[in-house]
Amino acid sequence: MDRFRMIFQYFQSNSESVMNGICGLLALASVKMYTSFDFSCPCLPQYNMAYGLGIMFVPPIILFLCGLILNRQSLVMLEEWRRPPGRRKKDLAVIRYMCSSIMQRAMVAPVVWIIVTLLDGKCLICAFSGSMDPQKFVGFANVSTVQAQQLLAKVPCKDEELMRNTTSRKAVTRYLRCWSQALGWSILLILIIAAFLARWLRPCFNQATLLQARHWSNYIDIEQKIFEESCCEHSRLFAHKCILHFFESMRQEIKLHSFSLPREGEGHEEGEDLLQGITDQDQVNKLLKMWYYEKPPLDVSQAHQRHPLVRERSPLPWADNTSTRSKSPQHTSV
Amino acid sequence: MKMDKFRMIFQFFQSNQESFMNGICGIMALASTQMYSAFDFNCPCLPHYNLAYGLGILLVPPFILFLLGFVLNNNISMLAEEWRRPQGQRGKDPAVLRYMFCSMAQRAMIAPAVWVSVTLLDGKCITCAFCTSVPVETLGNASHPHLSQGEIQRVLARIPCKEIYNGQQLIANEVAIRYLRCISQALGWCFVLLMTTLAFLVRSLRPCFSQAAFLKSRYWSHYIDIERKLFDETCAEHARSFAKVCIQQFFEGMSTDLVAAHCHLPRKAPANAGEAAEKLLGITDQGTMNMALKNWHRCKPPLHLHPPALPTGNGWAEEGQTPTHPSAPRKETAAYYSWV
């Protein structure tokens, strides 16, 4: 019990920090993904916008979904939402609280990606270089519209022969990067202010409801963990009993069919006999074969029925198993 | 005390089984990215070989990684055993088998998906495979004269190999590569988005349907796993006890044989000799020990323990059993010759 208590205190104190840790790891992963991704703008008029905006918005969706998948609490919330009421009413405030905390954590990595993309500038340069007004830049002012489009589309590609070291190309790049970084910093500032206000002003509204919702959402989480732990513990004990009964039944059968000398110290049978009455190569082989061909039924309640028969030495121990088999061959009530 | 040790071991296994499998999953995903970066991609730059090579590199390693994911998963043998065992006294639940298979397949899919994503996002495979299908009309000069269709194909096939590319007038190398890489990366991101969406749907729709059946299948699949481990542990314990008793009986048999053969009085340890003298089992000189070792090699005892000599606990056979020994040598001798 002490061990369980220690384990569950750990879970309780660290459920929030585990989720925060996953959140932080995903944010770091998004930065790493961006730096290792080889951004190569197609530099073609029709493709630039699609590519640039795609790189800016598709990975955040993926990161958001990953954030939802990796967060254990989202499953807990869904189960709580979809379960039949039964004898426990559902509190929508708790579900809303869980939903909002999950969404907030899942939004961190996508926002990090978008901000890093904007601060770096490559995506916006690729997407919007074709939308620039050619008249503003000296190098593109004197060419036809179609050609200007083609040239502007090639601006993001530095190694393009036509555009290498052109001042107009650098001017367009600088202009777009300036806009991109300004946008990035503005978004970051707005988000930080919003987060700051939300955290500061929250206690002014519905603090009591918030405390209740937080408490019960923690409770549901812990209850789920404890249930899983209890099921594991139960299945282990179940397996242990099942195997002991199997060995016991093998021993009974051997005793009945082998006509061996009665052992000294009959009273020590139930004690610490490590060999469980199986003392022969053939007996061991039979036990292993029986384990594969006829696994014992998932019913450990027959322990209480069997003991009287041990003393009476009924001729067919397996017959008792067949009779109990018809009742409930598979599961005890969990 | 024995059960406490089991309990600690199995709590460790159970609490960490999921995280252990997730760890293997993550390691395989990392291994697949490492494999890709270590692999030296060499496009053949020939018209019909490019497609085969590119698509082969894209699709064959994921298949291998998928099978490897099954091979490395310890639970595959458990699934196979549960599937193939005779019914016996315990019915089989197909829902449990389906659950075990699905969870293994999901984990095995991760490394192949990582390989395919990394390959597509890198772009070399698609560039190699589809360079002959580049739209020359829109990207280059389709009106370049004196080139037959086959020639154009051969020129385009050399796009991935920059050092031997000779079609700069037909279509610029960088333009074609940028175009192909853009398509490849778009495909890659779409693939990742699709996989993530599928994973999200599978995970989030499950609690909405059949949650009770899921809990049941999960419990029984964990049970089968734990039962198997516990049975193996019990068998190992049994084998240890069996071996101990077998060897002990061998030494006792040796010492009684010697007594019978040499007509020495049985060397009774004096009452106050202590444990060390007990453990010598009556073998107290070099010749006897050598004979014991020779007999152990030449004539191992049968796998058959004598009931009267079985210990009731951890202690050795007691003095009170000496009266039964005169009958034992007869059996032992027969056993020596009959053992195969």
Side-chain angles (χ1 to χ4, degrees), chain A residues 37-38 40-44 47 51 54-55 58-59 61-62 65-66 68-69 74-75 78-79 82-83 157 159-160 229 231-232 235-236 238-240 242-243 247 260-261 263-265 268 271-276 278-281 284 288 291-298 321 325 329-330 334, chain B residues 3 6-7 10-11 14-15 81 85-86 88-91 93 121-123 139 172 174-175 178-179 181-182 185-186 189-190 192-193 196-197 199-200 203-204 207-208 211 216 218-220 222-223 226-227 230-231 234-235 237-238 240-242 245 302-308 310 312-314:
Chain A
F37 175 64
D38 187 16
S40 68
C41 194
C43 294
L44 298 165
Y47 293 80
Y51 185 83
I55 299 295
V58 168
I61 297 176
I62 294 170
L65 291 175
C66 277
L68 291 179
I69 291 172
S74 58
L75 269 182
L78 272 174
E79 280 173 33
R82 297 300 301 174
R83 70 171 171 91
C157 299
D159 52 359
E160 184 69 24
E229 277 282 330
C231 280
C232 291
S235 72
R236 191 170 8 92
F238 199 107
H240 177 44
C242 204
I243 289 171
F247 273 86
S260 54
L261 292 168
R263 287 168 36 201
E264 281 180 21
H268 293 282
E272 303 150 30
D273 185 5
L274 301 167
L275 287 169
Q276 314 256 13
I278 291 155
T279 54
D280 195 327
Q281 187 186 21
V284 171
L288 294 172
W291 178 254
Y292 176 69
Y293 278 104
E294 278 197 36
K295 276 215 163 74
L298 290 168
N321 288 337
R325 190 194 330 181
Q330 202 166 351
V334 173
Chain B
M3 279 303 132
F6 284 160
R7 186 174 307 144
F10 291 130
Q11 262 189 352
Q14 192 51 48
S15 65
E81 198 183 303
R85 70 168 170 92
Q89 296 188 19
R90 186 189 290 188
D93 189 358
L121 291 177
D122 189 36
L139 298 178
E174 301 85 27
V175 171
R178 272 200 306 263
Y179 174 79
R181 190 184 281 165
C182 159
Q185 288 180 345
W189 283 117
C190 289
V192 176
L193 181 65
T196 315
T197 311
F200 174 73
R203 213 168 138 93
S204 57
C208 305
Q211 176 72 352
K216 193 174 86 155
R218 191 171 65 173
Y219 177 87
W220 288 113
H222 281 167
Y223 172 83
I226 286 197
E227 190 189 48
L230 203 51
F231 183 74
T234 314
C235 283
E237 277 287 322
H238 187 274
R240 204 173 299 134
S241 311
F242 198 108
V245 173
L303 290 168
H304 182 92
L305 306 179
H306 302 294
L310 284 173
T312 52
N314 269 329

Results of side-chain contact (heavy atoms from CB on, under 4.5 Å) for A:Ser40 - residues two or more places apart only:
A:Tyr51, B:Arg181, B:Gln185
Ring-plane angle category for B:Phe231 and A:Trp291, please: parallel below 30°, perpendicular beyond 60°, tilted otherwise.
parallel
Under a 4.5 Å heavy-atom cutoff, which of A:Leu288, A:Leu75, A:Ile55, A:Val284 has the most pairs with chain B?
A:Leu75
Bottom line for A:Leu65: the part with an atom under 4.5 Å from chain B's heavy atoms is both
Ring pair (Phe, Tyr, Trp, His ring centres under 6.0 Å) partners for B:Tyr223, two or more places apart:
A:Phe238, B:Trp220
Heavy atoms, side chains only, cut-off 4.5 Å: are B:His222 and A:Cys231 in contact?
no
Bottom line for A:Ile243: the part with an atom under 4.5 Å from chain B's heavy atoms is side chain
Let me know if B:Ala186 has heavy atoms under 4.5 Å from chain A in its side chain, its backbone, both or neither.
neither
